Amino acid sequence: EAQGGFERILQADPYRLEDMDTYSNILYVKEHKTQLSFMAHNAMRNDKFRPETCCIVGNYYSLKSQHEKAVLYFKRALQLNQQYLSAWTL
């Protein structure tokens, strides 16, 4: 299970942001709002200027049906890195 794999990665490296946008997509699809909230807070605390962080926070706001805020964070991800595919697809 992919979710379990990401959880093990985060246990080993709680500051990791690489590929965590993919994990946030999994949490979004499964509607795990509490876990996604925790992940978004940690990502913001670790590095709020990474496109991965913006994508994670965007997924969180989208799950909460705050779509205007979600779009704002996806746009921020693209401002930080125009080649960031996760933000383009969302």
Side-chain angles (χ1 to χ4, degrees):
E1 174 176 282
Q3 184 175 349
F6 280 111
E7 288 169 0
R8 286 188 294 280
I9 290 169
L10 281 177
Q11 284 177 346
D13 184 4
Y15 298 102
R16 181 185 174 103
L17 288 173
E18 294 82 13
D19 304 316
M20 290 300 115
D21 51 333
T22 302
Y23 180 39
S24 76
N25 289 337
I26 293 169
L27 295 177
Y28 174 83
V29 169
K30 290 187 165 191
E31 297 183 5
H32 290 196
K33 194 180 297 185
T34 303
Q35 286 176 281
L36 190 51
S37 172
F38 180 77
M39 185 180 191
H41 281 90
N42 281 342
M44 288 294 283
R45 188 174 32 243
N46 292 340
D47 190 348
K48 63 183 177 180
F49 298 109
R50 292 273 300 266
E52 294 92 338
T53 297
C54 295
C55 188
I56 292 166
V57 174
N59 278 336
Y60 170 70
Y61 281 124
S62 184
L63 187 57
K64 288 186 62 176
S65 298
Q66 294 182 13
H67 301 293
E68 296 82 16
K69 284 186 178 182
V71 168
L72 176 74
Y73 277 94
F74 292 131
K75 284 183 179 181
R76 278 188 194 166
L78 291 172
Q79 287 174 342
L80 293 168
N81 181 353
Q82 292 182 352
Q83 306 300 316
Y84 189 63
L85 296 178
S86 290
W88 281 112
T89 58
L90 298 171

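What you see is a predicted model, and the numbers here were worked out from it, not measured in a lab. We use all heavy atoms of the structure for the numbers below, so side chains are in, but hydrogens, waters and symmetry mates are not.
- A salt bridge is defined here as a Lys NZ or Arg NE, NH1 or NH2 lying under 4.0 Å from an Asp or Glu carboxylate O, and E18 with R50 meets this definition.
- Note that CG of L85 is 9.5 Å distant from CG of L78, once rounded to the nearest 0.5 Å.
- L10 has its side chain within reach of Y23: a pair of non-hydrogen atoms, C-beta onward, lies under 4.5 Å apart.
- Distance check, rounded to the nearest 0.5 Å: CD of Q11 to CZ of F6 gives 14.0 Å.
- A heavy-atom distance below 4.5 Å is not found between the side chains of V57 and K48.
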| Which is it for E7 and Q3 under the side chain to side chain donor-acceptor pair (under 3.5 Å) test, yes or no, and what are the steps along the way? | CA-CA 6 Å; E7 288 169 0; Q3 184 175 349; 3.1 Å; yes
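- Considering only residues two or more places apart in sequence or on other chains, H67 meets the side chain to side chain contact (heavy atoms under 4.5 Å, CB included) condition with S62, S65.
- A heavy-atom distance below 4.5 Å is not found between the side chains of E68 and Y61.
- Between H41 and Y60, the ring planes lie perpendicular to each other; the angle is over 60°, past the 30° to 60° tilted range.
- To the nearest 0.5 angstrom, S37 atom OG is 14.0 Å from H32 atom NE2.
- There is no path of hydrophobic side-chain contacts, each under 4.5 Å, that joins L17 to Y15.
- Taking 4.5 Å as the limit, every side-chain heavy atom of T53 sits out of range of all side-chain heavy atoms of N46.
- Taking the side chain as every heavy atom from C-beta outward, C55 and F74 approach each other to under 4.5 Å.
- Shown here for L80 and F49, the closest heavy-atom pair between the two residues is CD1-O, 3.4 Å.
- In this structure, N59 and L36 have side chains that are in contact, with non-hydrogen atoms separated by less than 4.5 Å.
- The CD atom of Q66 lies 10.5 Å from the OH atom of Y73; values are rounded to the nearest 0.5 Å.
- Taking all atoms of both residues into account, the shortest heavy-atom contact from I9 to M20 is CG2-CE, 4.0 Å.
- A distance of 8.0 Å separates CG in D21 from CE in M39, rounded to the nearest 0.5 Å.
- Considering all non-hydrogen atoms of both residues, I56 and A40 come closest at CG2-CA, 3.7 Å.
- The distance from atom CD1 of I26 to atom CD of E1, rounded to the nearest 0.5 Å, is 8.5 Å.
- Nearest heavy-atom pair, D19 versus R16, reported as atom, atom and distance to 0.1 Å: OD2-NH2, 3.1 Å.
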